[in-house]
Participant: 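Starting off with a structure, shown below.
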Amino acid sequence: MKRIKIAEILRTEPVNSEVVVKGWVKAFRNNQFIALNDGSCAQNLQVVVDFENTDPGLIERIKFGAAIGARGLLVESQGKGQTVEVKAAEITVYGDCNPEEFPLQPKKQTLEYLREIAHLRFRTNTFGALFRVRHALAFAIHKFFNDRGFCYLHTPVITASDAEGAGEMFRVTTLPLENVPLTERGEIDFSLDFFERPTNLTVSGQLEAELGALALGEVYTFGPTFRAENSNTTRHLAEFWMIEPEVAFADLGDNMDLAEAMLQSVIGYVLEHCAADLKILEDRLIEEEKTKPQDQRSDMSLTEKLRFVVDNSFERLTYTEAIDILKNSNPNKKGKFQYPIDGWGADLQSEHERYLVEKHFKKPVILTNYPAAIKAFYMRRDEPNESVPGPTVSAMDILFPGIGEIVGGSQREERLEVLQQKMQEMHIPEKELYWYLDTRRFGTCPHAGFGLGFERLVLFVSGMGNIRDVIAFPRYPGSAEF
RNA sequence: GCCUCAUUAGCUCAGUUGGUUAGAGCGGCGGACUGUUAAUCCGUAGGUCCAAGGUUCAAGUCCUUGAUGAGGCGCCA
C-alpha cells in the first residue's frame, strides 16, 4: 500500500479507510499513543497501538526518534487533542533509536547545543518549522518574480574579477599550497592554475545580472555568495544566499517600489501558507522573550510584526534627512550614542539605524541618496543639489527592526564617462571589467537593482535570534562542520 | 579583529560570605497504571564542577593563562 503523508491526512475527513503512514516517533505515551511526524507539516499524527495484542518486543522498540511505519484504519479520534488518528493494525520499525545515545530529547534544548548537532536538529519542532518556512520564502520569491515576468539568471559561483568591492574573497585554486609555483619575478604563477588566472568565490552576482538585464529586461539571481570577512555577529555568514533583481529602464523609485512589493508579497505568502509553522516559531520566541528584562521585550508577537510589515508602507527618506533626525534626537543630544552624529558624510552605525527603525519610525525604513564617498563605484551619481552638503548617489538601504540592513541597492551608473571617472577615482582597474563597461558602450540605458540577504529575511520572518540558526549548515569563521 | 559574559550529571539549570558527603527537573534504567497530549506515580543509577597553574588550613566558589561557546562593535546582505 502506498504511504500517505500526514499533511494530506490532516486535510481529509476521517473516512474509515485503511492508510499507511511513515515517520519518526515524537512521543510514545501510555504504551498506546504514538505521536508520529513525517516532516510534511508541523502537526503530528496520533497512531494508536493495541498494546494488549502487540508483541512486547515491538512495543519496546517504539522510542523517541525511531523511524516507523503504521498500517491501519484512519478514524475519528476518541481523545481531545486531535480530530483523527490511525488505529494501527501493523507497526513496522525501520530504524531503531537508542535513547541512551540519541543526543536529542523531548524537552527544551538550547539553540547553541543544537547547532553543535546540526545534522540532527532538523528533527526538532523548531527547526522543522524553520526549514519549511525557509522553503516557503524561497518559493514565494521565485513566484513573485515569475509572476512579474522576470527571468531567473544563474550567475557564476567562481569569478575572475575581484573588483566587485563587496568584501574579502575566498581564493579558488588547484595550485599545490605546499609548493606554489613562482614566476621568475617571484610572484605566484597563476598561468599554471586551473583557470590560468586568479579566481575567487563570488561575493555578488550583480555585475553579471546587469549584463542580463540589459537584454532580457528584468532578471533576478538567487544563489550562494561568499564573504571571507572575519565577521562574528548574529547577522553575518561566510556563505549565504542572495537574491539580486536587476531591471532595465528603472530608476531608484522603481527599485524601492519593487523591493517593498517583494518583501510584502513573500512575507504575506508565508503568513497565508505557514500558519502552523509560524505558531511554533512564535511560541518559541515568546518563551525566549520571557528570559529577557521587561523593557527589552517586544510589544508585538511574531505574526503581528509580520502583519505590520505587510500592511504598512515603508518609511522613505534620504540620508541627509536621516542625519537631521539623528542630530536632533534625544540620544544624540544626551550623548547616549557611542558614535555621536556630528556632521554629514560619515556612514551610519548600527545604533543609528536601530534608533531610526525601532524608536523613531517604528517601521521598516528605506534610506536613500547616500554620500557618494561611502558607496560603491557602480551607483549612479545624483544631480548636484544645493541643499545637500556633498555629492550623493542613487543608493537605497532597507532597514528592518532587529535585523538592520536587509536590502542594499541602487540605480546603476549607466553613463560611460561618469562610470569611468568613478572607477579611476576609486582605483578600480578598467581592464578587468571591460565586459561590464561594454554594456555602457553599446545600448546603455538607465537601470537599477538590489541585493536581498536571504538568511536575513528568514531571520526576520522566523523570529530566530542568530543567522547561524536559519541556514542548515552555517559557515562562519572557524566553523565549516558537516 | 576588538570588548563583555559564560562553561557544574546525557540535556536544562540551582549551588549562600571560600567550609563536612555538590542538588533539582527532564532524559535513562526497573516497576505500576492504561484514552494519553512534554501522560502520571513509585524506585534507581548517573559528576575529573572546561583545562593547566596559583592563593589558602580549606576552592565548584578567589587569581593567572588557555580552550570552547554566547552577546555587542566593525565589515555588510
Side-chain angles (χ1 to χ4, degrees), chain A residues 26-35 43-52 59-60 63-65 77-82 85 87 98-117 124-125 164-168 203-206 221 223-244 259 283 287 291-292 296 337-339 347-354 374-376 397-400 403-409 450-460 465-471 476-479:
Chain A
K26 285 286 185 170
F28 186 34
R29 289 182 286 267
N30 227 348
N31 256 3
Q32 250 189 115
F33 305 103
I34 301 171
Q43 294 90 342
N44 301 324
L45 178 70
Q46 175 151 290
V47 175
V48 185
V49 181
D50 180 5
F51 71 100
E52 279 165 325
I59 285 181
E60 190 83 334
K63 299 284 192 192
F64 175 72
S77 178
Q78 295 171 38
K80 276 185 181 151
Q82 56 283 318
E85 65 190 19
K87 276 216 168 312
N98 183 347
E100 266 188 289
E101 291 172 15
F102 191 41
L104 291 177
Q105 294 181 8
K107 62 164 293 192
K108 181 187 152 54
Q109 289 177 299
T110 59
L111 294 174
E112 291 78 28
Y113 174 70
L114 294 173
R115 207 175 294 151
E116 290 171 16
I117 49 167
T124 63
N125 293 336
E164 290 158 26
E168 288 297 309
V203 293
S204 162
Q206 181 205 310
T221 73
T225 46
F226 307 87
R227 305 276 164 91
E229 304 283 349
N230 189 12
S231 294
N232 294 289
T233 78
T234 54
R235 315 180 295 284
H236 290 85
L237 289 166
E239 176 182 297
F240 63 101
W241 289 66
M242 191 150 63
I243 295 100
E244 295 177 287
D283 290 346
E287 284 304 309
T291 67
K292 291 184 186 167
Q296 283 174 34
F337 282 143
Q338 199 186 335
Y339 299 89
D347 212 350
L348 298 179
Q349 306 290 319
S350 315
E351 58 178 348
H352 306 139
E353 297 180 346
R354 191 164 283 157
I374 58 170
K375 287 288 177 182
D397 281 359
I398 301 186
L399 310 175
F400 262 36
I403 309 292
E405 186 178 345
I406 195 166
V407 162
F450 62 85
L452 167 76
F454 185 55
E455 280 74 18
R456 289 195 180 169
L457 176 64
V458 180
L459 198 57
F460 178 77
N466 191 319
I467 202 164
R468 295 168 186 177
D469 293 328
V470 301
I471 187 168
Y476 50 95
S479 184

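Labels below follow one simple rule: chain letters A, B, ... track the order of the sequence lines, proteins then strands, and each chain is numbered from 1. Note: hydrogens, waters and symmetry copies are ignored here, and every other heavy atom, side chains too, is used. Note that the structure is a prediction, hence the values are computed from the model and not measured.
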Participant: Compute the ring centroids of A:Tyr339 and A:His352, then answer whether they are less than 6.0 Å apart.
Facilitator: no

Participant: Please evaluate the base of B:rU36 for a donor-acceptor partner in the side chain of A:Gln46 within a cut-off of under 3.5 Å?
Facilitator: yes

Participant: Side chain of A:Glu101, base of B:rG10: donor and acceptor closer than 3.5 Å?
Facilitator: no

Participant: Please determine whether any donor N or O and acceptor N or O are separated by less than 3.5 Å between the side chain of A:Gln78 and the base of B:rG35.
Facilitator: yes

Participant: If B:rC5 has a Watson-Crick or G-U wobble mate with both distances under 3.5 Å, name it; if not, just say none.
Facilitator: B:rG69

Participant: Regarding B:rU37, can its base be found pairing with the side chain of A:Glu85 as donor and acceptor, where the two atoms are less than 3.5 Å apart?
Facilitator: no

Participant: Across all strands shown, which nucleotide pairs with B:rC49 by Watson-Crick or G-U wobble geometry, both distances under 3.5 Å?
Facilitator: none

Participant: Please pick, from B:rA77, B:rA70, B:rU36, the nucleotide with the shortest atom-to-atom distance to any side-chain atom of A:Arg29.
Facilitator: B:rU36

Participant: Counting side-chain heavy atoms from C-beta on, which of B:rA70, B:rA38, B:rG35 comes nearest to A:Arg468?
Facilitator: B:rA70

Participant: Would you indicate which nucleotide in B:rG74, B:rG27, B:rA70 comes nearest to any side-chain atom of A:Glu112?
Facilitator: B:rA70

Participant: Is any N or O donor-acceptor pair between the side chain of A:Lys108 and the base of B:rG27 shorter than 3.5 Å?
Facilitator: no

Participant: Under a 3.5 Å cut-off for both contacts, is B:rU16 paired Watson-Crick or G-U wobble with anything, and if yes, with which nucleotide?
Facilitator: none

Participant: Is there a donor N/O on one and an acceptor N/O on the other, under 3.5 Å, for the side chain of A:Arg456 and the base of B:rC76?
Facilitator: yes

Participant: Please tell me which of the listed nucleotides, B:rC75, B:rU34, B:rC29, lies nearest to the side chain of A:Pro99?
Facilitator: B:rC29

Participant: Would you please determine if the base of B:rA77 is stacked by A:Phe240, with stacking meaning a centroid separation under 5.5 angstrom and planes under 30 degrees?
Facilitator: yes

Participant: From the options B:rC73, B:rC11, B:rC76, select the nucleotide whose nearest atom is closest to the side chain of A:Arg354.
Facilitator: B:rC73

Participant: In terms of ring plane angle, is the pair A:Phe460 and A:Phe400 parallel, tilted or perpendicular, where the classes change at 30° and 60°?
Facilitator: perpendicular

Participant: Quiz question: going by heavy-atom distance under 3.5 Å, is there a donor-acceptor pair between the base of B:rG46 and the side chain of A:Glu100?
Facilitator: no

Participant: Applying the Watson-Crick and G-U wobble criteria at under 3.5 Å, what pairs with B:rU55? Answer none if nothing qualifies.
Facilitator: none

Participant: Any donor-acceptor pair under 3.5 Å between the side chain of A:Arg227 and the base of B:rA77?
Facilitator: yes

Participant: If you draw the axis of the six-membered ring of A:Tyr476, does the NZ or CZ of A:Arg468 fall within 45° of it and under 6.0 Å from the ring centre?
Facilitator: yes

Participant: For B:rC29, does either OP1 or OP2 sit under 4.0 Å from a side-chain N or O belonging to A:Lys63?
Facilitator: yes

Participant: How far apart are the closest heavy atoms of A:Asp397 and A:Gly408, and which atoms are they?
Facilitator: OD1-CA, 3.6 Å

Participant: Go through B:rC29, B:rC75, B:rA38 for me and flag the one nearest to the A:Thr233 side chain.
Facilitator: B:rC75

Participant: Donor-acceptor check, side chain of A:Arg227 to backbone of A:Val203, threshold 3.5 angstrom: yes or no?
Facilitator: yes

Participant: Determine the interatomic distance between C1' on B:rA22 and the same-named atom on B:rG46; round to the nearest Å.
Facilitator: 14 Å

Participant: Measuring from the side chain of A:Asn30 (C-beta onward, heavy atoms only), which nucleotide among B:rC75, B:rG35, B:rG71 has the closest atom?
Facilitator: B:rG35

Participant: Classify the side chain of A:Gln105 versus the base of B:rU12 as yes if they form a donor-acceptor pair under 3.5 Å and no if they do not.
Facilitator: no

Participant: Tell me whether the side-chain N or O atoms of A:Ser231 pair up with the base of B:rC75 as donor and acceptor below 3.5 Å, since no angle test is needed here.
Facilitator: yes

Participant: Heavy-atom nearest nucleotide on RNA chain B for A:Glu353 versus A:Ser77: which residue maps closer to 5'?
Facilitator: A:Ser77

Participant: Whole-Å distance between B:rG1 C1' and A:Tyr476 OH?
Facilitator: 18 Å

Participant: Between B:rU12, B:rA77, B:rU37, which one does the side chain of A:Glu405 approach most closely?
Facilitator: B:rA77

Participant: Which atom names give the shortest non-hydrogen contact between A:Ser77 and A:Gln82, and what distance separates them?
Facilitator: OG-NE2, 3.0 Å

Participant: Check the pair A:Arg456, A:His236 against side-chain contact (heavy atoms from CB on, under 4.5 Å), reporting the backbone distance first and the verdict last.
Facilitator: CA-CA 9 Å; A:Arg456 289 195 180 169; A:His236 290 85; 3.4 Å; yes

Participant: Measure from the side-chain heavy atoms of A:Ser350 and tell me the nearest of B:rG69, B:rC11, B:rC73.
Facilitator: B:rC73

Participant: Of the candidate nucleotides B:rU36, B:rA39, B:rA77, which contains the atom at the shortest distance from the side chain of A:Leu237?
Facilitator: B:rA77

Participant: Which base, if any, makes a Watson-Crick or G-U wobble pair with B:rU44, both distances under 3.5 Å?
Facilitator: B:rG28

Participant: How is A:Gln338 classified with respect to the nucleic acid when contacts are heavy atoms under 4.0 Å: base, sugar-phosphate, or nothing?
Facilitator: nothing

